[in-house]
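This one's a predicted model, so the numbers in the text were calculated from it and none came from an experiment. Computed from heavy atoms alone, side chains included, the values below leave out hydrogens, waters and symmetry copies.
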Amino acid sequence: MSPTPSLLRFTMTDGQWREEALADPLQGGRQLVARVLSEEVNPRCDPLGEENKLIFSGGPLAALGVSSAGRLSVGAKSPLTGGIKEANAGGTLADSLAR
């Protein structure tokens, strides 16, 4: 685990990215998806438009060697319901992102 967990933000239109430190080392997964979407995405935006965000977030225990803890949450504003939707998956991607 890195000393300071970080958030990588990518802008798809120009390929730029920046890194931000997360204040809480336990942020991640569903909690981070919900926080970013509720604080940063206009609830009235077009779910398929440029204002929506697609978030990939490893859980707080990813890459720590804890069995079955490398979960990945992916979320965005749903085009079907207009609400915040999140899916969760296992595998090794969350561990790779955390490293």
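- No more than 12 heavy atoms of other residues, nucleotides or ligands lie within 6.0 Å of NZ in K85, so this atom counts as exposed by the packing criterion.
- The CG atom of L22 sits 7.0 Å away from atom CZ of R35, with the distance rounded to the nearest 0.5 Å.
- Under a 3.5 Å cut-off, the side chain of K77 and the backbone N or O of P43 do form a donor-acceptor pair.
- L54 is connected to L97 through a chain of hydrophobic side-chain contacts under 4.5 Å among Ile, Leu, Val, Met, Phe, Trp and Tyr, so both are in one cluster.
- The two residues G28 and P60 come nearest to each other via the heavy atoms C-CD, 4.3 Å.
- Put simply, the side chain of S6 never gets that close to the backbone of A21: no donor and acceptor are under 3.5 Å apart.
- Partner of L7 under the side chain to side chain contact (heavy atoms under 4.5 Å, CB included) criterion, chosen from Q27, E20, R18: E20.
- In this view, T11 and T13, D14 satisfy the side-chain contact (heavy atoms from CB on, under 4.5 Å) rule, not counting sequence neighbours.
- We find the CG-OG distance between L61 and S67 to be 11.5 Å, quoted to the nearest 0.5 Å.
- Linking ILVMFWY side-chain heavy atoms closer than 4.5 Å, directly or via other members, places F56 and L32 in two distinct hydrophobic clusters.
- Atom CD of E50 has 12 or fewer neighbouring heavy atoms from other residues, nucleotides or ligands inside a 6.0 Å radius.
- Nearest heavy atoms, V36 versus K53: CG1-CD, 4.3 Å.
- Annotation for E51 and C45: closest pair OE1-CB, 3.1 Å, computed over non-hydrogen atoms.
- Pairing each heavy atom of L48 with each of P79, the nearest pair is CD2-CG, 3.8 Å.
- Shown here are the side-chain contact (heavy atoms from CB on, under 4.5 Å) partners of R30, two or more places apart in sequence or in another chain: S73, E86, N88.
- V33 and V74 end up in different hydrophobic clusters when Ile, Leu, Val, Met, Phe, Trp and Tyr side chains are linked at under 4.5 Å.
- Considering all non-hydrogen atoms of both residues, A62 and A98 come closest at O-CB, 3.8 Å.
- Residues G58 and L72 share a closest heavy-atom pair of N-CD1, 4.1 Å.
- The number of heavy-atom neighbours closer than 6.0 Å to CG of L80, taken from other residues, nucleotides and ligands shown, is 12 or below.
- The structure places CG of L93 at 12.0 Å from CZ of R71, a figure rounded to the nearest 0.5 Å.
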